[in-house]
Amino acid sequence: MTKYWKVDPDTVASRGEELSDAAVLLRDGDTVAFPTETVYGLGADATNTSAVERIFSAKGRPSDNPLIVHIADAGQLSDLIEPDSVTPDHHTLMEAFWPGPLTIVLPVKTGGISPLVTAGLTTVGIRIPDHPVALELLRKAALPIAAPSANSSGRPSPTLASHVREDLDGRIGGIVDGGGTGVGVESTVIQLVDGELYILRPGGVTAEQLQSALSAIRIHEPEREDVQVSETPRAPGMKYTHYAPKGYMHIVYGDNAEAVADWIQRDIHAAKERGESTGILTFEERASLFEADLVIACGSLAEPEKIAQELYAALRRFDQQGIQYIAAEGCPETGIGQAIMNRLRKAAGHRLVRV
């Protein structure tokens with residue numbers, strides 16, 4: 001039976017006893033879902049292979065998909081990574097974005113964590129989350145915590161505790177309900193190689209922010225969305241379909257917004273004629289242009305951060321309404337828009353229509 005704790009993020013630092021039981025579960029090798037500033041994570045002791053196995057089992061997650069390790073303090077790095085592997089550029093990024101939605105891939109220390117966490121790679125992704133509940137739980141557990149998103153593998157990531165319960169209730173040790181998350185999409189995953197920065201997964205820290213922090217460094221943005229079936233991905237979210245609703249979904253985009261809207265409406269009308277229940281994922285400025293069984297305005301184009309916050313909940317709403325056929329409007333791929341489109345492409349199985 002899954003245990004459940006309701007925790008107020010505003011008072012957790014002064015009433016930390018609320019998380020004591022959850023911390024004990026983690027130390028005992030069980031799994032606990034908890035909120036971060038990005039999405040809810042499903043945590044387990046990163047040094048305990050049987051505990052990490054429980055993550056993969058509960059989620060139905062492929063074992064060649066590495067996990068991100070969450071820590072409360074940069075002082076824990078020495079137990080996890082190879083000595084002298086943190087460069088001045090790494091320190092700059094940590095000072096600028098930790099705590100926060102930035103995962104840094106570093107050489108893993110032999111024996112430092114379970115090999116299941118790294119999926120056999122010689123590197124590990126590490127971050128410090130910027131959420132009072134997550135930080136307090138990490139401090140109380142006094143462990144490095146491996147934590148992918150707390151959802152069934154392939155489903156939209158959870159931004160509310162109710163999403164976690166929907167997917168994993170009865171399959172994990174506990175759920176810490178700390179309210180809604182803030183960023184709404186997962187962390188940016190980066191790796192520094194030979195003095196250059198590679199974005200392995202776009203997320204809550206944008207390429208522009210990274211470039212501002214390291215103005216002299218060349219930044220390589222992702223050139224492809226997937227890896228070959230035979231490859232082990234270097235970071236979570238680079239392989240397999242992710243974030244997907246149950247219905248068929250595709251993305252429609254183009255330079256002419258009116259043409260995009262016309263194409264979507266014709267496409268949805270054809271789906272209705274086939275007898276399918278229909279949905280449209282769009283934005284506040286454009287929702288009135290469309291008719292379907294369910295039209296969801298996912299934030300405003302003027303505030304892409306709001307789109308990111310609402311994206312996964314919107315995708316889950318299509319499932320809740322039993323929508324079979326979904327057309328999603330694309331958004332500009334600047335700033336956090338890059339992360340939004342990355343998630344939409346994966347949710348749509350890379351089915352895109354350019355108008």
For a quick test of your reading: what N or O donor-acceptor pairs under 3.5 Å do the side chains of residues 38-47 make, sequence neighbours left out?
{"residue": "T38", "atom": "OG1", "partner": "T36", "partner atom": "OG1", "Å": "2.8"}
{"residue": "T38", "atom": "OG1", "partner": "R127", "partner atom": "NH2", "Å": "3.3"}
{"residue": "Y40", "atom": "OH", "partner": "G178", "partner atom": "N", "Å": "3.1"}
{"residue": "Y40", "atom": "OH", "partner": "G179", "partner atom": "N", "Å": "3.3"}
{"residue": "Y40", "atom": "OH", "partner": "G179", "partner atom": "O", "Å": "2.6"}
{"residue": "D45", "atom": "OD1", "partner": "T47", "partner atom": "N", "Å": "2.9"}
{"residue": "D45", "atom": "OD1", "partner": "T47", "partner atom": "OG1", "Å": "2.7"}
{"residue": "D45", "atom": "OD2", "partner": "T47", "partner atom": "OG1", "Å": "3.2"}

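- With sequence neighbours left out, P148 forms a side-chain contact (heavy atoms from CB on, under 4.5 Å) with I55, K59, R61, L67.
- Within the 3.5 Å criterion, the main-chain N or O of I251 finds no donor-acceptor partner in the side chain of R351.
- At least one side-chain heavy atom of L168 sits less than 4.5 Å from a side-chain heavy atom of S152.
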For side-chain contact (heavy atoms from CB on, under 4.5 Å), just list the numbers for V32 and I145, CA-CA rounded to whole Å, side-chain angles, deciding distance to a tenth of an Å, and then say yes or no. CA-CA 10 Å; V32 174; I145 298 297; over 6 Å; no
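- Applying the side-chain contact (heavy atoms from CB on, under 4.5 Å) test to D79 and every residue at least two apart in sequence or in another chain returns nothing.
- For the side-chain contact (heavy atoms from CB on, under 4.5 Å) test, residues two or more places apart in sequence or in another chain that qualify with D73 are Q76.
- Scanning both residues, P129 and I71, for their nearest heavy atoms gives CD-O, 3.5 Å.
- In summary, R345 and E333 engage in a salt bridge, as defined by a charged side-chain N under 4.0 Å from a carboxylate O.
- Aromatic ring pairs are classed by plane angle as parallel below 30°, tilted from 30° to 60° and perpendicular above 60°; the pair H70 and F34 is perpendicular.
- Under the side chain to side chain donor-acceptor pair (under 3.5 Å) criterion, Q321 pairs with no residue at all, not counting sequence neighbours.
- Put simply, the side chain of K109 gets close to the backbone of S78: a donor and an acceptor are under 3.5 Å apart.
- Counting non-hydrogen atoms of neighbouring residues, nucleotides and ligands closer than 6.0 angstrom, the CG atom of N256 exceeds 12 such neighbours.
- The heavy-atom pair separating C331 from I340 by the smallest distance is SG-CG2, 3.8 Å.
- Rounding to the nearest 0.5 angstrom, the gap separating the OG1 atom in T122 from the CD atom in E82 is 9.0 Å.
- Remark: the backbone N or O of G335 is not paired with any side-chain donor or acceptor of Q338 at under 3.5 angstrom.
- For R171 (side chain) and A58 (main-chain N/O), a donor-acceptor pair under 3.5 Å exists by modelled atom type.
- Side chain of T118 to main chain of P115: a donor-acceptor pair is present (N/O by atom type, distance under 3.5 Å, no hydrogens or angles).
- Counting only distance, with no hydrogens or angles, the side chain of Q309 and the backbone of G182 share a donor-acceptor pair below 3.5 Å.
- Every pair passing salt bridge (Lys or Arg N to Asp or Glu O under 4.0 Å) that includes a residue from residues 247-265 is listed here, sequence neighbours excluded: D255-R354.
- Side-chain contact of E291 with Q265: a donor-acceptor pair under 3.5 Å is absent, judged by distance alone.
- G180 and L160 make their closest contact through CA-CD2, 3.7 Å (heavy atoms, listed as atom of the first residue, atom of the second, distance).
- Annotation: ring-ring contact (aromatic ring centres under 6.0 Å, His included) contacts involving residues 144-191, sequence neighbours excluded, are absent.
- With sequence neighbours excluded, the residues forming a side chain to side chain donor-acceptor pair (under 3.5 Å) with D319 are R155, listed by chain and number.
- Applying the salt bridge (Lys or Arg N to Asp or Glu O under 4.0 Å) test to pairs two or more places apart or on separate chains, those with a residue in residues 181-199 are E186-R343.
- Contacts classified as side chain to side chain donor-acceptor pair (under 3.5 Å) and involving residues 87-101 (residues at least two apart or in different chains) are given here: T87-H90.
- Grouping Ile, Leu, Val, Met, Phe, Trp and Tyr by side-chain contacts under 4.5 Å, direct or through others, puts F290 with Y248, V252, V260, W263, I264, I268, I280, L289, V295, Y325, V353, V355.
- The side chain to side chain donor-acceptor pair (under 3.5 Å) pairs that include a residue from residues 280-290 are T282-E329, E285-S300, R286-E329, where partners are two or more places apart or lie in different chains.
- Within 6.0 Å of CD on Q211 lie more than 12 heavy atoms contributed by other residues, nucleotides or ligands.
- Listed here is the closest heavy atom pair of G29 and N48: CA-ND2, 4.0 Å.
- Nearest heavy atoms, G174 versus T2: CA-CG2, 3.8 Å.
- In terms of heavy-atom proximity, S277 sits nearest to I323 at OG-CA, 3.4 Å.
- No donor-acceptor contact under 3.5 angstrom links the side chains of T181 and T159, judged on distance only.
- Here the side chains of L210 and F97 are in contact, with some heavy-atom distance below 4.5 Å.
- Using modelled atom types, no side-chain atom of R316 and backbone atom of P245 make a donor-acceptor pair closer than 3.5 Å.
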